[in-house]
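One structure coming up, written as structure tokens, with questions to follow.
Each chain gets a letter, A, B and so on, in the order its sequence line appears, and its residues count up from 1. If you're wondering where the values come from, they're calculated on a predicted model, not measured in any experiment.
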Amino acid sequence: MRRESHGPELLAEFGTVDAMLHAIDALGDSYGEIETYTPYDVPDVDGRLGLRPSRIGWIAAFGGLCGMVTAYGIQWWADVHAYPLNVGGRPLHAAPAFLLVTFEGTVLGAALATFIGLLLLLGFPKLWAPVDEVEGFDRAAIDRFWIAIPALANENDRERADALLHEAGALRTVVVGGA
Amino acid sequence: MSAIFNRRAATVARATLVALCALVILIPTVAMLWVRTPWARGEHRRIVQPVPFDHRIHVTGLRIDCRYCHSGVERSASAGLPSTQKCVSCHTQLWRAGSPMEPIRQSVATGRPIPWRRVTQLPDFVYFNHSIHVNKGVGCESCHGRIDQAAEVEQAAPLTMSWCVDCHRNPAPTLRPLEAVTTQGYVPPGGDRDIELAAVLMKRYQIHSLANCTTCHR
Amino acid sequence: MAAPPDALQPYPVVGALPDDGSLTRDLLGPNWSASRAWWPLFIVSGAFAVLFIVAIAFTVVKGIGVWGNNIPVAWAYGITDFVWWIGIGHAGTFISAFLLLLNQRWRASINRLAEAMTIFALVNASLFPLLHLGRPWFFYWLVPYPATTGVWPNFKSSLPWDVAAIATYFTVSLLFWYLGLIPDLAAARDAAPGLRRRRVYGVFALGWRGRAREWQHYRVAYMLFAGLATPLVISVHSIVSLDFSITQLPGWHSTIFPPYFVVGAIYSGLAMLLMLVLPVRRIFHLEEVITRRHLDNIAKLILLCGCLLAYSYVCEMFGAWYSGNVYERFAMLISRPFGPYGVLFWIMTAANVLTPHLFWSARMRTNTIVLFVAGVIIWVGMWLERFVIIAGSLSQTFLPSSWHLFIPTWVDWSLLVGSVGLFVFLFLAFLRWVPFVSVAEVKRLRLDVQRGVAERSAT
């Protein structure tokens, strides 16, 4: 998992996507892990931040498998064992007929797992985070692009990062959070 | 922005969500467990009869056979309740006085039957027939419990459909010889698991496993 | 626009949009205050929704004998309405899932409207089979649960398939819709006037902040949902069609039913989508967001579905003739076109087979009035199709002595009209309080268009 904001962070606000991407490139690897806050899914951010691929596909696959086994299992147990019903002499274990509900169960299991998995991976609902206290941060969901890096303890390093962000086109920078 | 929520609101939101999910799972689970308890099925519910009739005295004490009073049981769908005349045939001789007997005297005087309250009730869409069960070796006790020990009769069996169907699918263990149908506290000669006797009875009474819907629902 | 004009694709996928801030204000603005026309419409549709509730209450209290259904026409308006509504829902999933998987970027500005249509159509659709149970309060008997009766559903019957399909479809559609909404709810949270509104949207936004990690998981999850919903939507209407085609009834017993029903479903949904998108586009001045490209594309899809549906009609008839079976031939070739419901058959054929051919003309494809009228005609035509198949086939079966016509009662009519009322009511509430165009997706689409990425993949 990536770092959740623990220590103090240095936030920078950008007016355009390009300025933000430029800043990420300028920062490079030397300032710790970078986080971005953007109003829409900006392409190329994942690669620049070095995010590992999302594991949500595996969660969905697992949920789908559970749904599939459960759906088929319930039908098989109900119609073959718990309440066998002779329908015109047809076999009690009628796999072709059971496949339809099995399919629905697979989809339902996968969908629920995807949704719940997403909430868990993102720690939602998370109604409050330290960044919320920054004046004007709410524009991150509208038309501003923010970068967050761990605020360095060393005064010189911090000033250097700050200068770098301003140079890249940051409208302003602000330090938030921390004990 | 000044944040619209604080740390506490975030915790409350999370707890609420978890609680809602728990409720969604908990409510059906509790409901399904509840319907499986004797209380939900109406067992052990005290039913006060107009006359404090005590089966212990009549069955255990006086050794009167069930069929003396419930005379329809071998011939008709319902076992039947004794008419007031049947009570009175003995009770003109003994235990005539006293307030407990008042409804009987009233019934004799007015000709109206005693308003006994039903204890073992099946839904109207179930066509239950006493005679077929009794004549094929299903004892009274199997459904009505130890009547000989009951001061007041209460529902003794779950009366759920699966309870009926369990026996209909596999009747053998419940069977007893016809002469022991009304016996209370019956134990098969070979002990509780008398498989040989069960097989003999299945054959003797030509019993089939009748688990079709139309056996009971017509 | 970076891309050069394309003769085959003359309309841009997004028009001249203002900057992100103004765009957000424009798209979310309708959520902050009601327009003048909104209240009267809301009240009128609410009145029809009340009529729906009255008809439902009457049905529940008196029993479904208050409908015109009787043997042999045991299924009529109730099941017709059910199939019609669930079919309408399919176009919403088609737009949001199929087109996402196919990288059809133009879906971005109309997918929310289409998904809302799906949800509200499904609310209506799921009510009709429940009412048809006669004792709707025992609906849970259809669900496999450990009952004290020891009875379990028979999964060789198509009705438990229906339950599984509809329940899954409703759940997946709702989650898909909500998932898509989360970034926009966050935008609404941060753009809304007043603390109370911001808090309400804030709760539903779950704390979305647009972190890179959030977007990454979200993108994958959203795509997964599209991948799940696509086969699901095909399975749902196939299963609905199996309710009919696994019976022996001439007019129902046909192997072409599953694809035929799926195509018809998407067709009717696209028609209703036009009826919703065109007024929304006009009233909220969304011409730059829902451009002529969208109308053009929907019209083309309608043309395609119309042709496939006409093919299915012909196939159905041909199959009946080719079978040589006298009952099949009678049902499809005599009773259906020339029987008591023959007039409805011809209206349906004209509406569903002829109307879409207007859209061979490029001018017709972007003429909003033509589109709207065609939408209404197909919308009604598709209802008639289900009625002709369901009640028409049942009214004249094997034995002429048992033939009987279905005449709808006022309850049948109230349920039909009332369900439309409930739909409009819910849809108006949606327009009023929920971001009805995907703000985040439109912004991203605009970025891609500016970079010249979208035009190549947006056709």
Next on the checklist: Could you tell me if Thr93(C) and Tyr169(C) have a donor-acceptor pair between their side chains, going purely by distance under 3.5 Å?
Outcome noted: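 Looking only at side-chain atoms, Thr93(C) and Tyr169(C) do form a donor-acceptor pair, the distance falling under 3.5 Å.
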Next on the checklist: Please identify, among Asp46(A), Val45(A), Leu118(A), Leu85(A), the residue contributing the most non-hydrogen atom pairs under 4.5 Å to chain C.
Outcome noted: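 Counting heavy-atom pairs under 4.5 Å, the top option is Asp46(A).
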Next on the checklist: If you define the side chain from C-beta out and look only at heavy atoms, does anything of Arg112(C) sit under 4.5 Å from Leu181(C)?
Outcome noted: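 They are in contact (side-chain heavy atoms under 4.5 Å apart), so the answer is yes.
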Next on the checklist: Counting C-beta onward and ignoring hydrogens, is there a side-chain heavy-atom pair between Ile147(A) and Leu11(A) closer than 4.5 Å?
Outcome noted: no
Checklist entry - Applying a criterion of heavy atom separation less than 4.5 Å, what residues of residues 95-102 of chain A form contacts with chain C? => result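 Listed by number: Ala97(A), Phe98(A), Leu100(A), Val101(A).
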Checklist entry - Where on Trp146(A) is there a heavy atom nearer than 4.5 Å to chain C: the side chain, the backbone, both, or neither? => result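 Contact with chain C: none, neither part.
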Item to check | Largest heavy-atom contact set with chain A, pairs under 4.5 Å, which of Ala212(C), Ala440(C), Ala164(C), Ser158(C) | outcome: Ala212(C)
Next on the checklist: Whether the side chain of Ser54(A) engages the backbone of His217(C) through a donor-acceptor N/O pair (distance < 3.5 Å, no angle test) should be reported.
Outcome noted: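 Pair absent, no side-chain N/O of Ser54(A) close to backbone of His217(C).
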Checklist entry - Looking only at atom types and distance, does a side-chain atom of Gln104(C) sit under 3.5 Å from a main-chain N or O of Leu100(C), one as donor and one as acceptor? => result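 No; zero donor-acceptor contacts below 3.5 Å.
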Checklist entry - Is it the side chain or the backbone of Phe176(C) that comes within 4.5 Å of chain A heavy atoms, both, or neither? => result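 Contact with chain A is absent: no heavy atom of Phe176(C) under 4.5 Å.
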Item to check | Donor-acceptor contact below 3.5 Å, side chain Thr247(C) vs main chain Phe244(C) | outcome: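 The answer is yes, because a donor-acceptor pair under 3.5 Å joins these two groups.
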Checklist outcome for this item: Counting heavy-atom pairs under 4.5 angstrom with chain A, the leader among Val163(C), Val151(C), Thr171(C) is Val151(C)
Next on the checklist: Would you call the rings of Tyr178(C) and Phe115(A) parallel, tilted or perpendicular, taking 30° and 60° as the class edges?
Outcome noted: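 Aromatic pair Tyr178(C)/Phe115(A) classed tilted.
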Item to check | Options Trp77(A), Trp128(A), Tyr83(A), ranked by heavy-atom pairs under 4.5 Å with chain C, top entry | outcome: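 Of the candidates given, the most pairs with chain C belong to Tyr83(A).
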Next on the checklist: Applying salt bridge (charged side-chain N to carboxylate O under 4.0 Å, His left out) to Arg198(C) and Asp138(A), what does each step give before you reach the verdict?
Outcome noted: CA-CA 11 Å; Arg198(C) 299 183 59 171; Asp138(A) 45 6; 3.4 Å; yes
Checklist entry - Relative to each other, are the rings of Tyr218(C) and Trp215(C) parallel, tilted or perpendicular (30° and 60° limits)? => result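 Rings of Tyr218(C) and Trp215(C): perpendicular, over 60°.
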Next on the checklist: For residues 158-168 of chain A, give me every residue with a non-hydrogen atom less than 4.5 Å from any non-hydrogen atom of chain C.
Outcome noted: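 None at all.
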Next on the checklist: Please check: side-chain N/O of Arg90(A) versus main-chain N/O of Val87(A), any donor-acceptor pairing under 3.5 Å?
Outcome noted: yes
Next on the checklist: Between Ile116(A) and chain C, with a heavy-atom cut-off of 4.5 Å, which part of the residue counts as in contact: side chain, backbone, both or neither?
Outcome noted: neither
Item to check | Interface residue of largest heavy-atom contact number with chain C, from Gly105(A), Ala94(A), Ala71(A), Ala110(A), under 4.5 Å | outcome: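 If we count pairs closer than 4.5 Å to chain C, Ala110(A) comes out on top.
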Checklist entry - How long is the gap from CG on Leu119(A) to CD1 on Ile182(C), to the nearest 0.5 Å? => result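 If I round to the nearest 0.5 Å, the distance is 6.5 Å.
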Checklist entry - Do Arg139(A) and Asp190(C) sit within salt-bridge range, that is, some charged N less than 4.0 Å from a carboxylate O? => result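 A salt bridge is absent here (no side-chain N lies under 4.0 Å from a carboxylate O).
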Next on the checklist: If you count heavy-atom pairs within less than 4.5 Å of chain C, which of Val42(A), Thr106(A), Leu92(A) leads?
Outcome noted: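 Max contact count across the listed options: Leu92(A).
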Item to check | Exam field: side chain His237(C) to backbone Ala265(C), donor-acceptor pair closer than 3.5 Å | outcome: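 No, the answer is negative, given that no donor and acceptor are paired below the 3.5 Å cut-off.
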Next on the checklist: Given heavy-atom pairs under 4.5 angstrom as the criterion, report whether the side chain, backbone, both or neither of Phe124(A) touches chain C.
Outcome noted: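 Backbone plus side chain of Phe124(A), per the 4.5 Å heavy-atom cut-off to chain C.
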Next on the checklist: Heavy-atom pairs under 4.5 Å with chain A - which of Val220(C), Thr24(C), Asn154(C) has more of them than the others?
Outcome noted: Asn154(C)
Checklist entry - Within the distance-only criterion (no hydrogens, no angle test), does the side chain of Asp132(A) pair as donor or acceptor with the backbone N or O of Ala129(A) below 3.5 angstrom? => result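 It does hold such a pair.
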Item to check | Region of Pro91(A) that comes under 4.5 Å of a non-hydrogen atom in chain C | outcome: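 Just its backbone gets close to chain C.
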Next on the checklist: Quick check on Phe155(C) against chain A: is it the side chain, the backbone, both or neither that has a heavy atom closer than 4.5 Å?
Outcome noted: both
Item to check | Residue Pro231(C) versus chain A: region with a heavy atom under 4.5 Å | outcome: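 Backbone plus side chain of Pro231(C), per the 4.5 Å heavy-atom cut-off to chain A.
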Checklist entry - Where on Pro183(C) is there a heavy atom nearer than 4.5 Å to chain A: the side chain, the backbone, both, or neither? => result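 Neither the backbone nor the side chain of Pro183(C) comes within 4.5 Å of chain A.
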Checklist entry - Is Arg25(C) salt-bridged to Asp19(C), going by a charged N under 4.0 Å from an acidic O? => result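 Answer for the salt bridge query: no.
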Checklist entry - Top residue by heavy-atom pair count (under 4.5 Å) with chain C, among Pro53(A), Gly57(A), Ala78(A), Gly64(A)? => result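 Heavy-atom pair counts peak at Ala78(A).
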Item to check | chain A contact via Leu224(C) - which portion, at a heavy-atom distance below 4.5 Å | outcome: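 It is the side chain, since no backbone atom gets that close.
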Next on the checklist: With a 4.5 angstrom heavy-atom cut-off, is it the side chain or the backbone of Ile239(C) that approaches chain A, or both, or neither?
Outcome noted: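 The answer is the side chain of Ile239(C).
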Item to check | Check: Trp141(C) ring centre within less than 6.0 Å of Trp152(C) ring centre | outcome: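 No, the ring centres sit 6.0 Å or more apart.
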Item to check | Under 3.5 Å: donor-acceptor pair, side chain of Arg444(C), backbone of Asp41(A) | outcome: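 Yes; at least one donor-acceptor contact below 3.5 Å.
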Item to check | Which portion of Leu242(C) sits near chain A, non-hydrogen atoms under 4.5 angstrom | outcome: side chain
Item to check | Non-hydrogen atoms of Ala111(A) and Phe225(C) that approach each other most closely | outcome: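 Heavy-atom minimum between the residues: O-CZ, 3.4 Å.
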Item to check | Inter-residue atom distance Ile149(A).CD1 - Thr173(A).OG1, 0.5 Å rounding | outcome: 9.5 Å
